[in-house]
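Just below is one structure, and these are the notes that go with it.
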Amino acid sequence: MNLKFNFDLKPRHRQLIEIIRSHWGALVLAGICMLIMAGGEAATAWLMKPAVDDVIIDRDRTMLLIIPIVILVVYLVKGTAMYFQGYLMNRVGRSIIREFRNKLYDHIHDLPLSFFHSEKTGVLMSRIINDVNIIKSMVSNAVTGSLRDACSVIALTTTTFMLDWKMASFTFLVLPAAFYPIHAFGRRIRKISTRGQIAMAELSTFLHETFAGAKIIKAFGMEDYEKARFFNKTKNLYKIEMKEVKVDELSSPVMELIGGIGIAVGIYYGGYRIFHNTLTPGTFFAFISATAMLYRPVRKLNKLNIYIQRGLAATDRIYDILERESEIVEKETPIPIPSGSHHVVFENVCFHYDQDGDNKELVLDHVSLDAQPGEVVALVGMSGGGKTTLVNLLPRFYDISAGAILIDGIDIRDADIASLRRQIAIVTQEPILFNESVRNNIAYGNAEASDEAIEQAARDAYAYDFIKNMPEGFETPIGELGNRLSGGEKQRLCIARALLKDAPILILDEATSALDSEAEVVVQKALENLMKGRTTFVIAHRLSTITHAHRILVLVKGRIVEKGTHEELLNRDGAYRKLYNMQFGNS
Ligand SMILES: Nc1ncnc2c1ncn2[C@@H]1O[C@H](COP(=O)(O)OP(=O)(O)OP(=O)(O)O)[C@@H](O)[C@H]1O
Ligand SMILES: [Mg+2]
């Protein structure tokens, strides 16, 4: 008999079983409640016998009082068991959901930045929201179902064999036939369910994008287009769901048919035996009722396999993420970078994104630079030249493909990542703020900062006045402001955050690009104060903001084509002078 149920247990499934097993206490209690419930059901059925024989036929008045009371007690006990069984199973299921959500979130944030570029936000959200739910439904149903139904199947099958083993053997000849559809339906469900979850993840990506991009959709009059796309996606999801329904709903009638065949064979064989007086009618009826009662738990076990297949498919998707390893790994004994000013060296650094793909086009091509402590290095050049990429390598957001980056002579690949990142304050090209109060955004990663320090950082970033004008000042939640903050305001909050971090290495990627000239002059001054004694990398398109840099590097297509001070470069008739003339219009 093929009892394998397609449970190809991989290590990840074993881990799932481990997690389920860690809730054994609640599961055992729930199991006991299930047994009590089953006992209650049997008792209710059994009570019909005295109800008929003693009360109705023998007209026994004491029994007339006793039986209703006993029935009430049985129902009370059964009801209590039912409540606790439901409560306990949900507790286990929901704890598992929570564990998986936390595990996923915990792991995802340990993955490098490249992971977030390769995976869509909507897909990750769907993993954390939908897939874990499927696991819960598998756990609740599988554990509840398997325990109760397996007990019933064993008890009833044993009964039939005890009644008449020959007839039982005949009847159960059909059983192997029953396991084939169980197996087939399970496999099919697993496939369809995977497709369903992919469609669900697509839907959630789509929602994420189109709600975030509502402005552009309106501006370009694309509402109808996006609606049509959405309707298409729900149609696709609906089709997949209906496919799943077809298999799901087909499985019961098929099982019933197989059961019917078994009973038909039993009746034919049993009746034949009765004709020949080798079987009593009582045994015959008891046998047929036991077989008929077997149908329910067997059908449930079939459904159980469907739940398990669906759950295993979800488990696979979740472990695909959980087993993803970070390519940015720390050495076994990483060297901590002490605080203080730093000497930063890039030695023949080459870099390409897509480390394991085929796109080996170099974004940085043998870049070398040497930034002394306290030196301000400006990076200028065409858009797409690799400036942001270059500064992203320093906090080890990505690992370089060749060459080395050294901080005070320590290769950053040997350094303790947390200590490395503590040395760096960064204002990114895109301002990123979180749905928290303005204060917490400025004090991000700096929880013990004093109010004075926070306010001073805001003042230096030229942000104090507009913060004070907000409804609740520093306590105003960014989320409630929605998109009310202007680009320049967001940028100033990000600058304040970097100022407060007060780190020895400063990275400013177009930090003042969204400010007006007046604000820029003031913020520039604050930044210049801050740059003193710090190794600073400034990226700017507006050359006016970097004229005071100690050194300017011109980066074109991943190569440093020129380096020198503003004056040196202007005197040279090169790329920098061309850029400068373009901006200031004097050729
Ligand atoms: N995550 C990424 N994956 C793959 N390619 C990327 C990624 N980020 C940037 N690139 C590519 O690397 C090149 C350099 O990009 P980078 O953002 O460093 O340019 P940049 O000099 O900062 O430009 P800009 O001045 O416009 O900000 C570009 O061709 C860009 O398309
Ligand atoms: Mg950039």
Side-chain angles (χ1 to χ4, degrees), residues 108-109 111-124 205 209 324 326-328 344 346 348-369 371 376-403 405 412 424-432 487-488 490-491 494-495 498 505-515 520 527 536-546 549 551-563 569 574-576 578-580 582-583:
I108 287 174
H109 269 304
L111 289 171
L113 216 51
S114 56
F115 172 80
F116 294 89
H117 293 310
S118 63
E119 294 290 332
K120 295 193 202 106
T121 312
V123 172
L124 297 179
T205 304
E209 275 176 10
R324 197 81 66 92
S326 174
E327 59 257 37
I328 309 271
V344 177
F346 278 58
N348 280 317
V349 169
C350 296
F351 177 76
H352 53 82
Y353 288 99
D354 194 22
Q355 300 281 0
D356 20 61
D358 330 308
N359 184 7
K360 294 273 186 261
E361 201 187 328
L362 286 180
V363 176
L364 292 178
D365 190 357
H366 294 88
V367 169
S368 295
L369 71 90
V376 177
V377 177
L379 296 161
V380 300
M382 280 163 28
S383 177
K387 304 180 294 293
T388 301
T389 307
L390 187 143
V391 293
N392 276 345
L393 297 178
L394 197 53
R396 234 186 138 192
F397 289 153
Y398 304 91
D399 266 346
I400 54 179
S401 318
I405 299 175
I412 59 169
I424 302 171
I426 188 162
V427 180
T428 52
Q429 196 164 9
E430 312 282 323
I432 297 167
K490 283 188 203 156
Q491 218 165 36
C494 294
I495 292 173
I505 297 176
L506 192 60
I507 295 175
L508 304 168
D509 192 348
E510 296 283 341
T512 55
S513 61
L515 303 188
E520 186 165 18
L527 288 176
T536 308
F537 296 87
V538 195
I539 298 176
H541 280 126
R542 266 194 262 169
L543 301 182
S544 58
T545 58
I546 48 119
R551 200 139 33 117
I552 299 170
L553 307 179
V554 185
L555 202 60
V556 176
K557 291 191 180 143
R559 282 168 172 273
I560 294 179
V561 295
E562 266 184 331
K563 57 172 112 179
L569 291 179
Y576 185 78
K578 220 185 275 169
L579 278 175
Y580 188 84
M582 271 193 286
Q583 279 188 17

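Numbers for residues simply follow the sequence, beginning at 1. When a ligand or atom number is given, it counts from 1 through the structure's own listing order.
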Indicate the ring-plane relationship of H117 and Y398, choosing parallel, tilted or perpendicular according to the 30° and 60° boundaries. parallel
What are the two closest non-hydrogen atoms of A511 and L508, and how far apart are they? CB-CB, 3.9 Å
Angular separation of Q429 OE1 and T388 OG1 about the Mg ion (ligand 2), given to 10°: 90°
Is the shortest heavy-atom distance from the side chain of E119 to the side chain of R324 under 4.5 Å? yes
Subset of ligand 1 atoms that lie under 4.0 Å from at least one heavy atom of H117: 1 (N)
Report the part of E510 in contact with ligand 1, treating N, CA, C, O as backbone and CB onward as side chain, heavy atoms under 4.0 Å; options are side chain, backbone, both, neither. neither
Between T388 and D509, do the side chains contain an N or O donor and an N or O acceptor separated by less than 3.5 Å? yes
Just let me know how K387 lines up against ligand 1, side chain, backbone, both or neither, with a heavy-atom cut-off below 4.0 Å. both
Check: V380 and L543 side chains under 4.5 Å, non-hydrogen atoms: yes
Looking only at distances, please establish whether an N/O atom of ligand 1 is found under 3.5 Å from an N/O atom of G386. yes
Shortest protein contact, atom 22 (O) of ligand 1 (heavy atom only): T388 OG1, 2.6 Å
Below 4.5 Å, heavy atoms only, C-beta onward: do K387 and H541 meet side chain to side chain? yes
Numbered in order shown, the ligand 1 atoms found under 4.0 Å of a heavy atom of V363 are 12 (O), 13 (C), 14 (C)
For the residue pair I505 and T536, establish whether any side-chain heavy-atom pair is separated by less than 4.5 Å. no
Under 3.5 Å, is there a donor-acceptor pair between the T512 and Q491 side chains? no
Within a distance under 4.0 Å of any heavy atom of Q429, pick out the atoms of ligand 1 and give their elements. 24 (P), 27 (O)
Atom 26 (O) of ligand 1: which protein heavy atom is closest, and how many Å away? S383 OG, 2.5 Å
Residue H541 vicinity, atoms of ligand 1 by number, heavy atom under 4.0 Å: 25 (O)
Distance to 0.1 Å, residue and atom name: give those for the protein heavy atom nearest to atom 11 (C) of ligand 1. Y353 CE1, 3.9 Å
Give me the residue, atom name and distance of the protein heavy atom closest to atom 23 (O) of ligand 1. G384 N, 2.8 Å
Out of all atoms in ligand 1, which are within 4.0 Å of some heavy atom of T389? Include the element for each. 14 (C), 15 (O), 16 (P), 18 (O)
Is there at least one protein heavy-atom neighbour under 4.0 Å from atom 30 (C) of ligand 1? no
Can you find a heavy atom in the side chain of I507 that is under 4.5 Å from one in the side chain of V427? no
